[in-house]
Every structure is written in C-alpha cells, then in structure tokens.
Amino acid sequence: MRIASFAITLLLATFLSLFAPSAGWAVESVRVDQDAKAIDLTPMVERYRSDGDEIRISTAPGRDGIVRRIAVKAREAGTRPDWIVFALTNDSDEQLDRLLVAPHFRLTNSGVIWPDLGATRIAAITASQGIRPERDESKDADVFLITLDPGTTVTFVAELNTNELPQLQLWDADAYKERVNGLTLYKGIIIGIAGLLALFLTIVFVVKGALIFPAAAALAWAVLAYSCIDFGFFQRIFPITESVERIYRAGAEAVLAATLLVFLFAYLNLNRWHVRYSHVTAFWLTFLGALIGLAIFDPPVASGVARISIVAVAGIGFVLVIHLATHGYDRAIMLVPTWLLLIAWVAAAGFTVMGTLTADLVPPALIGGLVLIVMLIGFTVMQHAFSGGAFAHGLVNDTERRALALAGAGDVVFDWDVVSDKIFVSPEMEHQLGLKSGALNGPASAWLDLVHPFDRDRYRAALDALIEQRRGRLSQDFRLRSSSGPHIWYRLKARPIVGSDGEVIRIVGTLTDVTDARTAEERLLYDAVHDNLTSLPNRQLLYDRLEAALIFASQDGSLRPTVLVIDLDKFKQINESVGYSAGDSILLTLSRRLGRLLRPQDTLARVSGDEFAIILLSEREPDRIIAFADMVRRALTTPITYAEREIFLTASIGLVLHDPQIAARREEVIRNAEIAVAHAKRQGGDRIEAFRPTMRSDRSDRFTLEADLRQAIERGEMKVLFKPIVRLEDRTIAGFESMLRWDHSRLGRLGPEDFMPLAEETGIIVNLSVFLLEQTGRELAAWQDALEVDPPIFASINMSSHHLLRHDLLQDVKAVIARTGVLPGSLKLEMTESLVMENPEYSAQMLTRLRDLGAGLSLDDFGTGYSALSYLERFPFDTIKVDQSFVRQMAHGKPVILRSIIKMAHELGMEIVAEGAESESEAIELYQLGCEYAQGPVFGEPMSMHQARQLVGAAPRAA
C-alpha cells in the first residue's frame, strides 16, 4: 500500500508539473537556529510573478524527502500580484516562535531616481503546514508571528502589495523588542536635540534680525521635520495613509534641499559678490518650491530630484566656501569644517541609498549626523550673533572712530618725524610698490630716488614750504617708481604739527593711490583733441597746430605750411553696402596708409566722418607738394580687401599753398581747402584741386547748391527716371524702379550721388521723397489703367532714413494710394538693410503699418549690410533685391551665396529681384537659379516717363 501511495503521489506531482501553472523547482530551506537572534532572509527568498490570481509552487523537501505541490490564491480574485517563497526548517526538539519583519521604508538601497518611499510590503502569508502566521500590529513594518513545530520544514508563500521588498528578517521576539526599544530611545534623543536646536535658533532669530538667523532656524526646523517623518514619530501623532506618508517624505526632502540652499546664500552673503548669485538662487528656490507641489502628484520623482538637489547644493556650496575662504572671507573660513562634514554626510547617504552601506544602524546614524551638522551650523551662527564687543554696540571714542575711518578708506598713513628726519608709512604701500618691508621708512632724502624726476622738485619744495610756513595743508600728486618699473601716482594730503617752540616737529597725513584717476584724466584730455576711431588729431588740435605753423612761417620765410583736405568720394554708399563696422575698418586702414606717407613734422587729422586734413611742412616747393598730393591720391585708390571683397575708393583733394604775402587765419585756410575739395567733387571726384581765389565767387559751391536744391522742385528741375525690371520667365516688363535726376540750370544733369548727401544732411530729402512718391504713383496708375495684366505692373521707390523715421510717411503713402488708385502692393517702397537695422523694432512697426495701407515692401541691397537674419522673418517684406556684387560672382562660377539667398527668400514667401545683370548669359543663369526678376544694363538704362510709357505700351493719361 505504501508503494502504491508513493507511486500515485509521484504521478500526481508529474501531472501537475506538466499541466498546472508552476512556480519552478522546490525552494531551499533555511535552518532556524534556536540561539540566533535575527536571520536576514532577503537574499534567500524566491520572487515570482503569476499570470493570474493563483500560484502553485513546489515545497521544500521534508524529512521524508518528498517535494509536494501547494496552490495559493490571492486575497482578491482577478488580480496578478507578486509573490515571494521561502522555507524554514526547525530541526530542534522544541517549538520555535519567530517574528517575520518586512519594514515599510528603508533608506538603504531606496535609490536616487524614482526612489522607494515606503509602503505595506506583505499582504498575507500562507504556510504549507502547521500553524497559520498571525500579523502583529506595527506602524513601521509588516510583522508576522511564525510558529515552527519540532523537526519540520515549512514552506511559506507571501503575497506582496508592491513589487519592492527592501528587507525581510526573522527575529527572535525578545531580541526584536530590545532592538525596537533601543531605536526608540535613540530616535527620541535625536528628535529632542533637533527640536531644542530649532527652538533655540528661532529665539536667536527673534533677538537678532540678520538674514543668517532665520535661514539657520529654517534649516533646523526642516531637519526636525525630516527626522520626525523618517523615525515614524509624525505618523504616530497624526495617523496618515501610506500614500500621504510618501508625499510628506518627498516634501520633507525638497524642503531640506531648499532650506540648505537658503542658508548657504544667506550665510555667505552671496548677493554681495555678484548679482547672478541672487538670480540663480531665486530660480533654484522657485524650482524647489515647484518640486514640493510635484510631491503631491508624483512623490518618487519629487524625492529623486530633491536628493539630486541636496547633492548639488553640497557640491556647489563646497566650491564656493573653498573659493571664498582662499580669498580671506571670514564667514567662509568658519564654515569649512561644517561643510566638510556635510560633504561626508552626503557621500555616506549616497552610498546608503545606492545599497553600498547596508548595515541597519546606518540610516539612524545618518539622521543623527544631520542633526550634528545643524548643531555645528548653530555654533557657527552664534559666533556672529554675540561677537563684536564694544564695536558692535557703537562704544568707540573719537580716536578709535578716526582710526576705523582711515582703515576703511584704504589710505596709507604718512608720518615724517622732522626732528629725527625719519619717515614712516603703512606697510601696504611697500606692498603696492613691490618693495621690501621697511624700504620706505627712513630719511626724506631716501624718497627722492623713487620719485619721478619730473616730480622731485615739486615734492621737495612742497615739504620745505610746510616747514618754513609752519602752517597750512599740503595736497600734491607725484609719482613713485615700483620695483617692476612702472610709476604709480599718489596724492599726499598732510599738515604740519608744531611743537612748543613754534617749530614743525612732524608732518602727518595720508597717501592715496590715484593712478586710475590720473589715467582717466589723461585719457579725457587725449580724447578731447583726438578722434576716437583713428586716434588722429581732431579738428581742434588741427587748428591749434595750424595756427602754430602759420606763426612760425611768419617768422621764418623758409617755412611754407601747406594744407590738404581729403574727402572720400561716395563713402556713404560704401557704408550702406558693407555696413558701418566695415566702414570704420576702412577708415582705419586709410589713416594708417596716409600716416606712412608723412614725416615727423607733418600732421594728419580726421576732421569729420570721411574727411581728413594734412598740414604739410616737410615739402616746400610747389611741384613737390603737387607730387605729394598725387601720391596721397594713389594711396587712397589702392583697393582694400574686406571679407573677401575688394573695395575701390577715390578721393577729392583740395590744397592751399602758403602765400607769405597774405596773413591768413587758420579757419580761413581750412575753409579755402574745403572750397577746393567741393570744386574737385563737382568735376567728378578723384582729382586734386589747388585753391584759387576765383573759387570763392563760384555759385556752385555747397551753399549755393543747397539754395538751388531747395528751389529745384518749384523750378521743375527734378526729373523722375524709370529703370526697367524684367520678368525672367517671359522677358516682359514687370515694373520699374523710379529715381531722381536734377537738371541743374547751369551744371547740367546731376546724379543722386551729387545732391542726395546734401539733401539728407539738410533735410530736403523729405520733400524730394514726397515728390518722387507722388510722381511714381501717378505714372503707375496710368500704366495700370492702360494695361490689364496679371500680375499687375509695379513700381519701386527708394526711401531715405529721414523719411522712414517720420510718422508723416504713413500719411504721405496713404494719400498717394488714395489719390492715384494704384493696385494694392504694386507701389513698392525700398529700404536698405542698414536703414531698417538702425532701429529694428521701430522699423518693424512702421513696415507693418505701411503694408496694411496697401504698399509693397522691398528690401534693397540685401547681403551687403549687417542685418540679423532673425529679424528678416519679422519684417513684412514681399521682395528682396540682391546686390549686384553677388551677380558678379556668377562670372567666377561661385553663385553659392546667391543660390542660398534665393532659396531662403522663397521659403519665406518672398520674390527676388537681381540687380546689375549685364549680359544675356547672366540673365539665363539667374532664371535657372530661381530668380523671378532682374534689372541692369542688359534690360535698359534709366529712361524718361515718355520712354517708359512707350516701352510698356501705355497711352498717355488725360490730365
């Protein structure tokens, strides 16, 4: 029968292992020693995850060696909990009672990222045989009473509430009670100390209102709260659920990080070192405040970030403390021991949460260490609370107050004992000069070797005067030579002390380092007579040197000072095309070129933006002077390379030869040279003109030209010309660019370069712009009435900076569009990059309002200015005009930039107009690159209004 029963059992076990859900092989049993106080079962349990609400496992072999199968169902049907299985063997002859303990929260191996913040671990335990385990009430752990019969091996199956089981221990009941009582006493002591610290620091805060005291008190209260929650004291006073406990635990860690940061900021007074420390601290505190709110919704994430923040505060604080301590900051020096202990605590806590330190006493010891750190912080703060003695209470006499004021001012004490002829100065002055200690203490004559040679007589005379007069005050600046060579400026303020015999016995005062002030003063004097960009003499210094040269020439007939005024031609266009920074670089290059042509007795000055002047004393013969002027002209016409581009310049030069028979004033000489320059510019520029008296009566000078320009519109001398813009797809006329020409009654036709600079300088440009706007709008309306094409023909007008910056422009454009009835977007206003970038925010507003009025907008000379691409998307331009310099690059087979500009414009929804197309091949290549429009010599030069109508086939419009 026994053999048959064993066979049936074996067959049943085989059947169950093949067809029933299995939990694997039988578990290994753990022997329970009768004398063992505690056994750590954590590494010996087997973990399983079932596919349903039931698990079948193989038990540990009993004394008969038979492995049985048991099935255990979950408490709630339909769930899929995690399970653990372990087996215990009692091979003694006595019944054993043990406590199975699984702590809810364990700092050890809790993790940094998404840490385990505690929970009920074991829902229920089922034994394979014997007495059913009973749960004991406990707030900190799941505790079950397990009874093992003599000589039995019992397999236990535990259903878990969570997938984490930080620790599982089997305790002797008496030993566990002793451990709990001991830890309870230790926790009570730690909480009591923390509470007393928090209360004491709060009282100190009430007595002393400095910021460090509430910061230290807040840190103490945060540590107290953290200790109460970690030790379970708070949970016993205020019963809370597990989910709320996790929120409190995560919130306490975030508050601990925040109060630690506040204490570091307040104690080191970081806002005094740099304003960015305040900004970083405020941002960090805001972040930690948000972290406390996050703890309500996701405690593990909030706790993980808070732990990282604690490490970051400790690390960054350590760097700051060491840095400030090495610079002699007393507070930082006093905080070094405490912060070193904090670093050690953070390291130990890190090893604990990552599972390196696993002893049961480590977490309580860490809390005790944290309280010890707060205690050291309290002692450190107390040194500031009750230090300072009489000075802290303002109990100082007048002498002490004077000594404190002198120390605070940083001045050096100067004391000359006249009777013994011995000077004493504070040691810091010897340190400033790099001299040995006591080097300045000695007779007054010993100082003379250190005083600058130019200052020795004044220094000696000033001291002698005090001794002779026996009264008065001395305030004098002089230089002392340092050991490294340079001289340092000092200001001596002193007064004599007279003895009972009426003689001076001492001279006492202070020495102040005024090197920076003297350097700034010298710099101001230098800047007053020199150009800021080129460091050349300015107009005032030029006048002064010219006046001196004229005086010397009147006394010495061999001197013949010649004045040359050099004005660069069309330099404004260069500024607009390459940008003002590039223009400054060009002016610097030209100033160096001109400087190399001069001799020491000559003077080169910059008298205005693009105007230079030379006082030539090294050449006296007229032919040599003319040759020098030509050499200057050729030096200026040499190309300048900038950003892989060659820039060609020309200059108009006016010169005034010295006439010993005429006593000319300096202003008159410069004025005559400028008249000669104006004459050279009217002749086309790039030439040299010597002043002749007949030029004075020439009505075509600047002032006459300005008067004529103001009446040019009324006289009908201003003409509007139209330059064709061709659609590359079918070579039809897409529009025109309108421009002004001045048919002067005496000088003939003048281009924009001849009168536009003068118009912008005098403000006449506004009237010219309005005139051009009205004429173009009227003509465009005539074209559109005669031609019904889609898209409609358009016209572009170049606007100046003076007009764009005026609010009247909006009214002018609105009036022209309303009067002429041109189609929306067909009257295009052109602005250069340099123009709109002078004030990008204001330009963006103006351009948007112009577009809303129905005007088209075109960005002229794109690629040659210095606009930021980030602004390009904000400006409401519909067309981009590419500078002809990029079109020229196609001839060298390098249209990379042009291709990029076209692609960018199309992605921004803009059309492209290429300027300067000179050949049919260029037009074809532009079309292949995706360019829609082009203008240039190949499509026609600027033409009159009548010629433009004939070109588009528009009949004249009735008046």
Exercise. Counting only N and O atoms by type, is there a donor-acceptor contact under 3.5 Å from the side chain of Glu178 to the main-chain atoms of Ala173?
Worked result: no

Exercise. So, Thr89 and Thr153: side-chain donor and acceptor under 3.5 Å apart, yes or no?
Worked result: yes

Exercise. Checking Trp339 side chain against Val321 main chain: does a donor-acceptor pair fall under 3.5 Å?
Worked result: no

Problem set entry | Test item: Arg47 side-chain N/O and Leu165 main-chain N/O as donor-acceptor pair under 3.5 Å | yes

For this session: Check step by step if side-chain contact (heavy atoms from CB on, under 4.5 Å) holds for Leu170 and Leu88.
Result: CA-CA 10 Å; Leu170 192 68; Leu88 303 176; 3.8 Å; yes

Problem set entry | Asn90 (side chain) donor-acceptor with Asp149 (main chain) under 3.5 angstrom | yes

Exercise. Between the side chain of Tyr48 and the main-chain N/O of Ile84, is any donor-acceptor distance below 3.5 Å?
Worked result: no

Problem set entry | Arg80 and Asp53: CA distance, side-chain angles, deciding distance, side-chain contact (heavy atoms from CB on, under 4.5 Å) verdict | CA-CA 5 Å; Arg80 298 167 59 185; Asp53 58 1; over 6 Å; no

For this session: Starting at CG of Leu168, measure out to CD1 of Ile39 and round the result to the nearest 0.5 Å.
Result: 11.0 Å

Exercise. Rounded to the nearest 0.5 Å, how far apart are CG of Leu264 and CG of Leu335?
Worked result: 7.5 Å

Exercise. Passes side-chain contact (heavy atoms from CB on, under 4.5 Å), Val255 versus Thr259? Steps please.
Worked result: CA-CA 6 Å; Val255 171; Thr259 52; 4.1 Å; yes

Problem set entry | Nearest atoms (heavy-atom pairs only) where Thr108 meets Pro363 | OG1-CG, 3.7 Å

Exercise. Is Ser303 reaching over with its side chain to a backbone N or O of Pro299, donor-acceptor style, under 3.5 angstrom?
Worked result: no

Problem set entry | Least distance between heavy atoms, Gly195 atom then Leu224 atom | N-CD1, 3.7 Å

For this session: Determine, step by step, whether Arg56 and Glu54 satisfy the salt bridge (Lys or Arg N to Asp or Glu O under 4.0 Å) criterion, reporting the C-alpha distance in whole Å, the side-chain angles of both residues, the deciding distance to 0.1 Å, and the verdict.
Result: CA-CA 7 Å; Arg56 296 187 178 94; Glu54 182 180 12; 3.7 Å; yes

For this session: Mind running side-chain contact (heavy atoms from CB on, under 4.5 Å) on Phe200 and Met375 for me, showing each step along the way?
Result: CA-CA 11 Å; Phe200 177 71; Met375 185 180 299; over 6 Å; no

Exercise. Taking all atoms of both residues into account, what is the closest heavy-atom pair of Ser128 and Ile70, and its distance?
Worked result: CB-CD1, 4.0 Å

For this session: Let me see the working for Glu253 and Arg249 under salt bridge (Lys or Arg N to Asp or Glu O under 4.0 Å), right down to the final yes or no.
Result: CA-CA 6 Å; Glu253 293 179 355; Arg249 194 179 298 278; over 6 Å; no

Problem set entry | Side chain Glu159, main chain Arg75, donor-acceptor under 3.5 Å | yes

Exercise. Tell me, do Asp360 and Arg179 make a side-chain contact under 4.5 Å, heavy atoms counted?
Worked result: yes

Exercise. Are the side chain of Trp83 and the backbone of Pro81 linked by a donor-acceptor contact shorter than 3.5 Å?
Worked result: yes

Problem set entry | The single option from Asp140, Asn161, Thr162, Asp142 passing side chain to side chain donor-acceptor pair (under 3.5 Å) against His104 | Asp142

Problem set entry | Interatomic spacing from CG in Leu199 to CH2 in Trp221 - rounded to 0.5 Å | 6.0 Å

For this session: Would you check if the side chain of Thr326 reaches a backbone N or O of Ile322 as a donor-acceptor pair within less than 3.5 Å?
Result: yes

For this session: Check the side chains of Ser58 and Arg69 for a donor-acceptor pair under 3.5 angstrom, ignoring hydrogens and angles.
Result: yes

Exercise. Where do Pro115 and Gly304 come nearest, in terms of heavy atoms and distance?
Worked result: CD-N, 3.7 Å

Exercise. Should we count CG of Asn181 as having more than 12 external heavy atoms under 6.0 Å?
Worked result: yes

For this session: Determine whether Tyr226 and Ile367 make a side-chain contact, defined as any pair of heavy atoms from C-beta on separated by less than 4.5 Å.
Result: yes

Exercise. Would you say Ile377 and Val381 make side-chain contact, with heavy atoms under 4.5 Å?
Worked result: yes

For this session: Would you kindly say whether Thr147 and Asp97 are connected by a side-chain donor-acceptor distance under 3.5 Å?
Result: yes

Exercise. Counting heavy atoms not belonging to Phe318, are there more than 12 under 6.0 Å from its CZ?
Worked result: no

For this session: Provide the closest heavy-atom pair for Gly251 versus Ala295 in the form atom of the first, atom of the second, distance.
Result: N-CB, 4.1 Å

For this session: Kindly say whether Asn163 contributes a backbone atom to a donor-acceptor pair with the side chain of Arg121 at under 3.5 angstrom?
Result: no

For this session: Please report the closest heavy-atom contact between Phe105 and Gly118, naming both atoms and the distance.
Result: CD1-N, 3.8 Å

Exercise. Is there a salt bridge (Lys or Arg N to Asp or Glu O under 4.0 Å) between Asp230 and Lys187 once you walk through the steps?
Worked result: CA-CA 10 Å; Asp230 192 80; Lys187 293 177 180 178; over 6 Å; no

Exercise. Between the side chains of Arg307 and Ser110, does any donor sit under 3.5 Å from an acceptor?
Worked result: yes

